[in-house]
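The chains referred to below are lettered A, B, ... by the order of the sequence lines, with proteins before strands, and numbering in each begins at 1.
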There are 2 protein chains.
Amino acid sequence: MKQHQITINDIARELNISKSTVSRALTGHPKVSPAKRTAILELAEKLDYQRNMLAISLCNNRTNTIGVIVPEFRTSFFPKILVAIQETAAQSGYNVIVCQSGESYETEVKNTKVMLTNHVDGLIISITKETKNYEHLKIFQRKGIPLVFINRIVNEMAVPKVVVDDYEGAFRAVEHLIQTGKKRIAHLAGPENLLISRNRLNGYLDALRKYNLPIIQELIIPYDFNLEKVKIYTKHLLELKERPDALFAINDPTAVEAIQVIKAKKLKIPKDIAVVGFSNEYSSAYIDPSLTTVAQPLEEMGIRATQALIEQLNKDISEWKAVTQVLKPELIIRKSS
Amino acid sequence: MKQHQITINDIARELNISKSTVSRALTGHPKVSPAKRTAILELAEKLDYQRNMLAISLCNNRTNTIGVIVPEFRTSFFPKILVAIQETAAQSGYNVIVCQSGESYETEVKNTKVMLTNHVDGLIISITKETKNYEHLKIFQRKGIPLVFINRIVNEMAVPKVVVDDYEGAFRAVEHLIQTGKKRIAHLAGPENLLISRNRLNGYLDALRKYNLPIIQELIIPYDFNLEKVKIYTKHLLELKERPDALFAINDPTAVEAIQVIKAKKLKIPKDIAVVGFSNEYSSAYIDPSLTTVAQPLEEMGIRATQALIEQLNKDISEWKAVTQVLKPELIIRKSS
DNA sequence: CTGTTAGCGCATTCAT
DNA sequence: ATGAATGCGCTAACAG
C-alpha cells in the first residue's frame, strides 16, 4: 500500500512554474536559468523527490536496465562475474537485474520472458547445461535487444561473446600432467552440448596427441554436472584394471569431489593419481591437497561483456558487430599434481 | 536502438475492436466474450506480444518488484539466501532486483537510491559491516515501502526481521569445545556494530561462564572481516605465552584462514588447537581438516523474509507487524574439533 | 530560456 | 459486453 509520491507537478506548482522547466532542471538540460535551477534542485532535495524511472522509461522506451541470466550460484564462478557486471554497468548508469536458471532449460526460458517483460535494454547470458534450442534467445535479436554471451556461448548465434580459451586451459593442464610423468590421464568431462565441454575435451585430446600418448576412450567420461555422480564415475575409474595415474576434471567442484573418493581409497595424491581442476574456486587453495587448477579472469569477463553490451546499446542495430573475445586462462599449480 | 514494439493497439486494430477490450482480455477480466477473448489471446501469442510492465506499473503505482541488498557475494552465504528469495518471490509473481553493497556503507546508500528510483514494492536488506547510520533505510518507512531485515539486522527499527539464533549457535559451538576438554578458547570476533557479532560474542562468553572458565580478554579479537588480518591475529594468538587451545571464529572463511596459519606453524588440529567456524560454507567439509561449524538454515531464511515482505505488501500500512523470526542453527561436528 | 501540447502503453472509470 | 475518455509521471517537440 503505497502513499502519495512527490512528482514534478508538485514541485512545479509549489514554484509556480511549468513542469517542463522542472523536468529540464532535473535532467540537467542546459537551457534553464541558474536561479530556477537551484530553486528546483533545492526543493526537490527538501521534498525528498525521487525521479520515477517507470515514467521516464516509458517515455524513452528504454529502462537503463541490463538483464543477466546465469545457470547457478552454487560456486563462486558466476557471483564473481556478476559483481564485475554490476560495477561496470553502474558506471554507465545501468541497473542490473539477475535471474538464475538453476541449470534448467525450462527456467531459462521463463527467465527470458521475465527479462522481456521488464524491458531490459540488453541481455548477458550464460546458457544452462540443457539448452539446445535457442528460440527464446533469438526473440531478443528479432526485437532488436542486444545480447551478449559469456562463458557458455551459442556459437551459431551472431552476437558478441566473451569466453575464456578453454581449449588452451585444458591443453596446458594436461600438458602439465604429462610433464610430471603421467601417462594414463582420465578426463571427467562436461555435458556434450556445452561448447566449454567440447573445447576442454579437445584441449585434453590434443595434449595427449602432441606427446604421443594413446587416447583411451574408457578414461573419458562426460557427465551432467550432477556432483552426486562424480563419486560413481571416480570409483569406476579407480577400479579399472589399468588405473589412471591422473585426472583432469571439467571444473573444481568435480575435482574436489573426486579427491574425496581417491582419499577414501587410500590412494596418494599426486603420487598415485594427480588431479587438476578448472576455474580456481576460492576454496581450491584450502582443500587437502590444494588443487591445481586453471584460473579464469572472471572479473575481466564481466567487464568486457558489459562493455560489449553497452556499446551495442548506443549504436544502430546495423552497426552491431559479433566479435568474440577470448581471454587467456592461467594454470595454477598446487599440490594435487 | 529499439525497434517497434507490439502493443495492445496493434492487436486491437488488427481485430477491429477497442484496446479496452484487449486490455481486459489480457488481464483476465471476466466480462469479455469468450470468442473475442480467445481471438485476442491467440493473436497476442502469434504476434509474440509482451505486456509492457513499465506502463502497467505506471498505472498501478506498483512494480511487482522486490529489491534485495546484500553485503557480499564472496561466500556462498548470500547467494544461497538469494536463490530462495528469487523462487519465493517468483511464486507470488514478483521479480527481484539485487544489489551488493560490497560491505561499503556508501555503496549501500547508493543501492537504496537505486531501489527507490526503480520503485521496488519492498526491500529485503542485510546491512554492511560499516552501517551505523540508518537514515537511508528510514526513507523506506516514511514512503510506506515495506522493509525486511535478514541476518544483519537493525534492532532499533520496527520492521520484520529474520535471523538465526547467533547466540545459541555460538554457545553450542563453544560448549562443544569445552566438552572436548578445551580451556583456553580464543574468539576471532566480528565488527562490533553488527548484532551478529555481539550475539555470537555473548554466546561465547556465556558458555565460558556456564562452565566456570575464565574470560580472557586477550583471547578475544574483534576484526572487520578483512581476511588479510586473520593471519596477523592468528599468529599473534599462537605466539602468546599461554597459547589458546581452541579458536572459535566468527565465520568459516575466517576459520579457514586461521587454519592455514596454524598448519604453517606445524601445530596439530584439533590436538594442539581446535577450530570451529560459523555458517557452513560449501567448502568447509572439504578442507583439511574438515571444519566444525554452525550451519544456518539459509533457504528458510530467504523464504521467510520474502513471505514476510509480501505479506506486508498486501496489507495496509497500519496493520504491519514487526515480528522477528529466529531460526535455529545446527552444530556440525567435523575433524577440526 | 520557458510554457504548451502531445504521447509513451496501459488500466480504469464512465458511458452505452 | 464493449468503446471512449482520462490519467499514471515524465520527456520531447513545438512554439514563443
The side chain of A/Cys59 is closest to which nucleotide in this list: C/dG9, D/dT11, C/dG3? D/dT11

Using a heavy-atom cut-off of 4.0 Å across all strands, would you classify B/Thr21 as base, sugar-phosphate, or nothing? sugar-phosphate

Touch class at under 4.0 angstrom, heavy-atom based, for A/Arg51 against every strand present: sugar-phosphate

On DNA chain D, compare the nucleotides closest to B/Pro30 and A/Gln50; which residue's is nearer the 5' end? B/Pro30

Distance, rounded to the nearest Å, where B/Met53 contributes CE and C/dC8 contributes C1': 16 Å

Nearest whole angstrom, please: distance from the P of D/dA4 to the CG of B/Asn9. 12 Å

To the nearest Å, how far apart are A/Asn52 CG and C/dC8 P? 18 Å

Would you tell me if any nitrogen or oxygen in the side chain of A/Ser23 comes within less than 4.0 Å of OP1 or OP2 on D/dT11? yes

In whole angstrom, what separates A/Asn64's CG from D/dC10's C1'? 14 Å

Contact class for A/Asn60 (heavy atom, under 4.0 Å): base, sugar-phosphate, or nothing? sugar-phosphate

Ignoring hydrogens and angles, answer whether the base of D/dA4 and the side-chain atoms of B/Ser20 contain a donor-acceptor pair closer than 3.5 Å. yes

Length of the line joining B/Leu58:CG and C/dC8:C1', which is rounded to integer Å: 9 Å

If you look at every strand shown and take non-hydrogen atoms under 4.0 Å, does A/Lys36 touch a base, only sugar-phosphate, or nothing? sugar-phosphate

Measure from the side chain of A/Ile8, starting at C-beta and using heavy atoms only, and say which of C/dC10, D/dC10, C/dT4 lies closest. D/dC10

Any carboxylate oxygen within less than 4.0 angstrom of a Lys/Arg side-chain nitrogen, looking at B/Glu42 and B/Lys46? no

Looking only at non-hydrogen atoms, find the nearest pair between A/Asp121 and A/Asn64 and report the distance. OD2-N, 2.6 Å

At under 4.0 Å between heavy atoms, what does A/Thr27 touch on the DNA or RNA strands: base, sugar-phosphate, or nothing? sugar-phosphate

Under the criterion salt bridge (charged side-chain N to carboxylate O under 4.0 Å, His left out), I'd like the reasoning laid out for B/Arg152 against B/Glu103: C-alpha separation, chi angles, the key distance, then a yes or no. CA-CA 12 Å; B/Arg152 302 202 197 159; B/Glu103 294 283 15; 2.8 Å; yes

Quick one: does B/Ser33 reach the base of D/dT2 with a side-chain donor-acceptor pair under 3.5 Å? no

State whether a side-chain donor-acceptor pair under 3.5 Å links B/Glu108 with B/Thr131. yes

What distance do B/Ile124 atom CD1 and B/Ile150 atom CD1 have between them, rounded to the nearest 0.5 Å? 6.5 Å

Ignoring hydrogens and angles, does a donor from either the side chain of B/Arg24 or the base of C/dT13 sit under 3.5 Å from an acceptor on the other? yes

For the backbone of B/Thr7 and the side chain of B/Asp10, can you confirm whether one donor and one acceptor N or O come within less than 3.5 Å of each other? yes

Given D/dC10, is OP1 or OP2 found less than 4.0 Å from the side-chain N or O atoms of A/Tyr49? yes

What's the closest nucleotide to the side chain of B/Lys31 if the choices are D/dA1, C/dG3, C/dA11? D/dA1

Name the nucleic acid region contacted by B/Ile17, choosing base, sugar-phosphate or nothing; use a 4.0 angstrom heavy-atom cut-off, strictly under. sugar-phosphate

Both B/His29 and B/Ala55 contact DNA chain D. Which one's nearest nucleotide lies toward the 5' end? B/His29

Send over the distance from A/Leu54 CG to C/dC10 P, rounded to a whole Å. 14 Å

Tell me: CG of A/Asn61 to P of C/dG9, nearest whole Å? 6 Å

B/Thr7 side-chain N/O to C/dG9 phosphate OP1/OP2 under 4.0 Å: no

Between P on C/dT2 and CG on A/Asn16, what's the gap in Å once rounded to a whole number? 14 Å

